[in-house]
Amino acid sequence: MPELPEVETIVRTLAPRLLGRHIHFSEFLAPLVLRYNRDPIAERLAGQAIRSIERRGKFIVFILDRGVMVIHLGMTGKLLFDSGRTPYTRAIFSCDGLTLFYDDIRQFGSIEWCPDMPDRITRLGAEPFDITPDELFRATRNRRTSIKALLLNQTAVRGLGNIYVDEALWRAGIHPRRIAAKLTYNRAGALHKAMLDVLTEAIDCGGSSISNYVDATGRSGSFQERHKVYGREGQPCQRCGLAIRRITVAQRGTHYCPKCQR
DNA sequence: ATCTATTCCTGGCTGC
DNA sequence: TGCAGCCAGGAATAGA
């Protein structure tokens, strides 16, 4: 389940190997991966140089000579160099002798080509590393939904998913069902710090390897070893010792400490 | 406008 | 042991 730290790690392994190369051939083996755009993507990509590769939230954006290619890895998407075709290979890119395979078991991921940056990218909220504590606080005003739902929906900040929302809320001592508009200025500041800390540490660890996540060179991450709540139902909270509880918030499995998070 | 519920998909797990 | 049935979840979409 690639979230911001995993996607950042993948982009960092992609960029040095692909920048300046040309996509001289691409092949799409599953129609579902192209569901968001009817453009003949293989034609559009043919011969184009990769000028830069950027992360926007959980999206990977390839800036090309003409237009952009936007990849979202969904739940189980992987980009792998020279891994060979598997039953789950959904797309293949040949780039001046280097082959990039896009594998995705559950097919929640997507690939599209667009002449300009598509709306679903430009509409996203701020990068966590760009937003200020004050801006985060203001983004919670008048929002009647839970803080967890707000962080998941990518409109205030982009890139957090189920794992890092749970981890950030634990660090900030905020209950996942707390109404966003009820956060005090100080609590929002604590959340801002917790979010940056957990993302920074996770990137340093190469992400969390759940569901066999690996980067483009096949390396696993190790941040799952440092999770405080995610996947730790029933285990003691490392701050107070009480058992971590699992509930449902915003239709998502949610892990928290009933004592530390009010 | 804002929020909630549903949908997509399939390997792996649970329980009978 | 075998198998039906359920579960996980990001984001688009429909509905309230």
Side-chain angles (χ1 to χ4, degrees), chain A residues 1-11 28-38 55-61 70-79 86-91 102-112 114 117-128 138-169 176-183 199 202 207-214 224 227 229-234 244-256:
Chain A
M1 38 197 79
E3 303 180 25
L4 189 152
E6 292 77 33
V7 177
E8 178 66 27
T9 303
I10 290 166
V11 167
F28 295 86
L29 297 92
L32 202 55
V33 75
L34 300 172
R35 79 198 94 128
Y36 296 124
N37 197 321
R38 308 235 173 262
R55 182 187 56 73
R56 302 289 183 93
K58 298 174 218 172
F59 291 85
I60 302 171
V61 181
V70 176
I71 299 183
H72 196 293
L73 299 173
M75 289 293 299
T76 52
K78 296 178 186 178
L79 287 165
T86 74
Y88 309 113
T89 300
R90 313 300 185 189
Y102 171 76
D103 281 31
D104 187 6
I105 291 175
R106 292 187 207 171
Q107 302 191 80
F108 274 28
S110 65
I111 303 178
E112 67 175 320
C114 297
M117 203 65 83
D119 286 350
R120 62 198 197 117
I121 300 295
T122 58
R123 275 200 296 256
L124 291 170
E127 271 303 319
R138 274 186 278 135
T140 63
R141 295 306 88 185
N142 302 317
R143 301 303 296 266
R144 298 283 156 197
T145 192
S146 66
I147 185 61
K148 170 145 185 173
L150 181 63
L151 293 174
L152 282 177
N153 76 12
Q154 312 295 303
T155 57
V157 290
R158 63 194 191 215
L160 298 186
N162 206 36
I163 295 174
Y164 296 103
V165 167
D166 282 5
E167 292 297 319
L169 290 174
R177 284 201 176 120
R178 170 132 295 244
I179 299 303
K182 289 191 172 180
L183 284 187
L199 293 176
S208 303
S209 280
I210 307 278
S211 311
N212 302 317
Y213 155 78
V214 289
Q224 70 282 358
H227 288 176
V229 284
Y230 187 86
R232 296 191 69 248
E233 182 186 12
I244 298 302
R245 195 171 291 171
R246 189 179 191 281
I247 58 175
T248 297
V249 182
Q251 290 81 46
R252 295 288 171 261
T254 298
H255 316 73
Y256 77 108

Worksheet item: A:I111 and A:F28: side-chain contact (heavy atoms from CB on, under 4.5 Å), yes or no, with the steps?
Response: CA-CA 10 Å; A:I111 303 178; A:F28 295 86; 4.1 Å; yes

With the side chain counted from C-beta on, respond yes when [X] and [Y] share a heavy-atom pair under 4.5 Å apart, and no when they do not.
X	Y	result
A:V229	A:E167	yes
A:I163	A:Q224	no
A:Y213	A:T9	yes
A:D104	A:V33	no
A:P176	A:V165	no

Greater than 12 external heavy atoms within 6.0 Å of A:R38's CZ: no

Report which part of the nucleic acid [X] touches: base, sugar-phosphate, or nothing (heavy-atom distance under 4.0 Å, all strands).
X	value
A:Q251	base
A:R246	sugar-phosphate
A:L73	nothing
A:R143	sugar-phosphate
A:G253	sugar-phosphate
A:Y213	nothing

Once you round it to whole Å, what is the distance between [atom2] of [N] and [atom1] of [X]?
X	N	atom1	atom2	answer
A:I247	C:dG9	CD1	P	13 Å
A:I105	C:dG10	CD1	C1'	16 Å
A:E112	C:dA11	CD	P	13 Å

With sequence neighbours left out, the residues meeting salt bridge (Lys or Arg N to Asp or Glu O under 4.0 Å) with A:R120 are A:E112

Contacts of A:R90 meeting salt bridge (Lys or Arg N to Asp or Glu O under 4.0 Å) (sequence neighbours excluded), chain-then-number -> none

Practice task
Apply side-chain contact (heavy atoms from CB on, under 4.5 Å) to A:D166 and A:H227, showing your working.
Solution key: CA-CA 9 Å; A:D166 282 5; A:H227 288 176; over 6 Å; no

Exercise. Measure the distance between the ring centre of A:F108 and the centre of the six-membered base ring of C:dG10, then answer whether it is under 5.5 Å with planes under 30°.
Key: yes

Here the residues of residues 153-166 of chain A within 4.0 Å heavy-atom distance, strictly under, of DNA chain C are A:Q154, A:N162

**Message:** If you go through the side-chain atoms of A:R106, does one of them form a donor-acceptor pair with the base of C:dA8 closer than 3.5 Å?
**Reply:** yes

field: Working for side-chain contact (heavy atoms from CB on, under 4.5 Å), residues A:L169 and A:L151
entry: CA-CA 10 Å; A:L169 290 174; A:L151 293 174; 4.2 Å; yes

The side-chain hydrogen bond (donor to acceptor under 3.5 Å, both in side chains) partner of A:N162 among A:R252, A:K148, A:E3 is A:K148

d(A:R246 CZ, A:Y230 OH) to nearest 0.5 Å is 7.5 Å

- Is it true that A:E233 and A:R245 have a side-chain N and a carboxylate O under 4.0 angstrom from each other? no

Between A:R144 and A:R252, whichever has its closest DNA chain B nucleotide further toward 5' is A:R144

Bend of the helix from B:dT2-C:dA16 to B:dC16-C:dG2 from end-axis comparison, five pairs per end, nearest 10°, comes to 50°

Strictly under 3.5 Å: I want the nitrogen or oxygen pairs between protein and nucleotides 12-16 of chain C, one per line.
| unit_1 | atom_1 | unit_2 | atom_2 | d |
| --- | --- | --- | --- | --- |
| C:dA12 | OP1 | A:R120 | NH1 | 3.0 |

With a 4.0 Å cut-off (strictly under) to non-hydrogen atoms of chain A, the first and last hit nts on DNA chain B, 5' to 3', are B:dC3 to B:dG11

Please tell me if A:H72 has a side-chain N or O lying less than 4.0 Å from either OP1 or OP2 of C:dG10. no

